[in-house]
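These numbers come from a predicted model, not from an experiment. Any value given below was found using the heavy atoms of this structure, including those in side chains, with hydrogens, waters and symmetry copies removed.
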Amino acid sequence: PDGVHAHRPKRTPPVLTRLAVHEASHAAARLYLGLGTITALSIDARHGGHVMAEIDEIRDHTEEHLTAHLAVILAGRAGEEEFIKTIGASGDGETEGSDLEQATRLAYAMETSMGFGQNMPLLFRQCSDWPEHLAKDSTLAEAVNRRLEAAYGAALKIVRKQESAITYLCSQLLKHGTLEGSELDHVTAHARKLIVE
């Protein structure tokens with residue numbers, strides 16, 4: 001094999017399809033919501049796939065903006081549910097850094113330290129051991145979960161609406177494995193044309 005793909009993990013076609021749908025859904029949601037420029041898109045990573053993006057502009061960290069980020073984080077799972085009809089374990093079974101961990105961490109921060117809490121929004125109460133904080137405070141856990149459920153609902157609506165863009169991005173990921181540079185620019189430019197406003 002060539003040097004680029006020599007270390008590509010061996011995966012079955014159904015696993016590759018799931019990864020492609022997952023990452024294409026993240027990418028389409030990011031394109032639809034205008035959250036940064038995608039700089040890499042891959043299904044070749046050791047623990048699955050990834051979408052790398054750079055922030056184009058610093059925006060106000062409003063609740064609406066952060067909720068849009070939650071939807072992008074959860075869009076991969078939503079794409080699997082919508083197009084494959086089952087959901088695979090997040091990150092090839094890894095939990096640290098998984099989509100669910102990232103989304104929960106952000107929703108937790110929104111509830112405890114950013115002033116958007118549904119209960120006591122002015123009280124800063126973020127803990128360094130945030131999973132334990134959630135495990136011990138069921139009221140807080142329920143508030144964080146409501147935020148996650150709402151963002152997941154938004155992610156499902158986005159992936160349903162952007163099926164054409166996701167199908168295209170998925171096909172390109174299955175063909176190339178990793179998209180970067182001018183090849184990625186060409187693919188994302190075409191995907192943007194398929195985005196439904």
Inset, instruction - Take T167 and F83 through the side chain to side chain contact (heavy atoms under 4.5 Å, CB included) test and state the conclusion after the steps. - result: CA-CA 9 Å; T167 300; F83 303 119; 5.9 Å; no
Legend entry - Evaluation steps, side chain to side chain contact (heavy atoms under 4.5 Å, CB included), between L41 and H26: CA-CA 10 Å; L41 190 54; H26 280 307; over 6 Å; no
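Taking A151 as the reference, L70, L74 meet the side-chain contact (heavy atoms from CB on, under 4.5 Å) condition, with sequence neighbours excluded. Residues satisfying the side-chain hydrogen bond (donor to acceptor under 3.5 Å, both in side chains) test with R30, not counting sequence neighbours, are none. Taking T67 as the reference, nothing meets the side-chain hydrogen bond (donor to acceptor under 3.5 Å, both in side chains) condition, with sequence neighbours excluded. For E142, there are no side-chain hydrogen bond (donor to acceptor under 3.5 Å, both in side chains) partners at least two apart in sequence or on another chain. Contacts of T62 classified as side-chain contact (heavy atoms from CB on, under 4.5 Å), with partners at least two apart in sequence or in another chain: D60, E64, H65. Evaluation of the side-chain contact (heavy atoms from CB on, under 4.5 Å) rule for K161 yields Y32, V196 as partners, not counting sequence neighbours. Residues passing the salt bridge (charged side-chain N to carboxylate O under 4.0 Å, His left out) test with E81, sequence neighbours excluded: none. Take E163 and apply the salt bridge (charged side-chain N to carboxylate O under 4.0 Å, His left out) test, not counting sequence neighbours, and it matches no residue. With sequence neighbours left out, the side-chain contact (heavy atoms from CB on, under 4.5 Å) criterion links A68 to L33, L35.
Proximity of a side-chain donor or acceptor of Q162 to a complementary backbone N or O of A28 within less than 3.5 Å is not detected. At distances below 3.5 Å, at least one donor-acceptor pair connects side-chain atoms of R11 with backbone N or O atoms of I43. Counting only distance, with no hydrogens or angles, the side chain of T104 and the backbone of E101 share no donor-acceptor pair below 3.5 Å. Here the side chain of T178 pairs no donor or acceptor atom with the backbone of S42 at under 3.5 angstrom.
Hydrophobic clustering (side-chain heavy atoms under 4.5 Å, transitive across Ile, Leu, Val, Met, Phe, Trp, Tyr) keeps V159 apart from V51.
The CG atom of N145 lies 12.5 Å from the OH atom of Y152; values are rounded to the nearest 0.5 Å. To the nearest 0.5 Å, atoms CD (E23) and CD1 (I166) are separated by 12.0 Å. Here NE2 of H61 is found 6.5 Å from CE of M114. Values are rounded to the nearest 0.5 Å.
Scanning all heavy atoms of the two residues, the minimum distance from A155 to A71 falls at CB-O, 3.5 Å. Considering every non-hydrogen atom in both G177 and D44, the closest pair reads C-OD2, 3.4 Å.
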Side-chain donor/acceptor pairs under 3.5 Å, residues 180-195, sequence neighbours excluded:
unit_1 : atom_1 : unit_2 : atom_2 : d
E183   : OE2    : H176   : ND1    : 3.4
T188   : OG1    : L184   : O      : 3.0
T188   : OG1    : D185   : O      : 3.2

Could you list the donor-acceptor pairs under 3.5 angstrom formed between side-chain atoms of residues 120-138 and any protein atom two or more places apart in sequence or on another chain?
unit_1 : atom_1 : unit_2 : atom_2 : d
R125   : NH2    : E111   : O      : 3.4
R125   : NH2    : N119   : O      : 2.7
Q126   : OE1    : S113   : OG     : 3.0
D129   : OD1    : E132   : N      : 3.3
E132   : OE2    : K136   : NZ     : 2.6
H133   : ND1    : Y108   : OH     : 2.6
D137   : OD1    : T139   : N      : 3.2
D137   : OD1    : L140   : N      : 3.0

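No side-chain heavy atom of Q102 sits under 4.5 Å from any side-chain heavy atom of L106. The shortest distance between side-chain heavy atoms of H22 and D99 falls below 4.5 Å. With a 4.5 Å cut-off on side-chain heavy atoms, V21 and E82 do not count as touching.
Within the structure, salt bridge (charged side-chain N to carboxylate O under 4.0 Å, His left out) contacts touching residues 66-77 (residues at least two apart or in different chains) do not occur.
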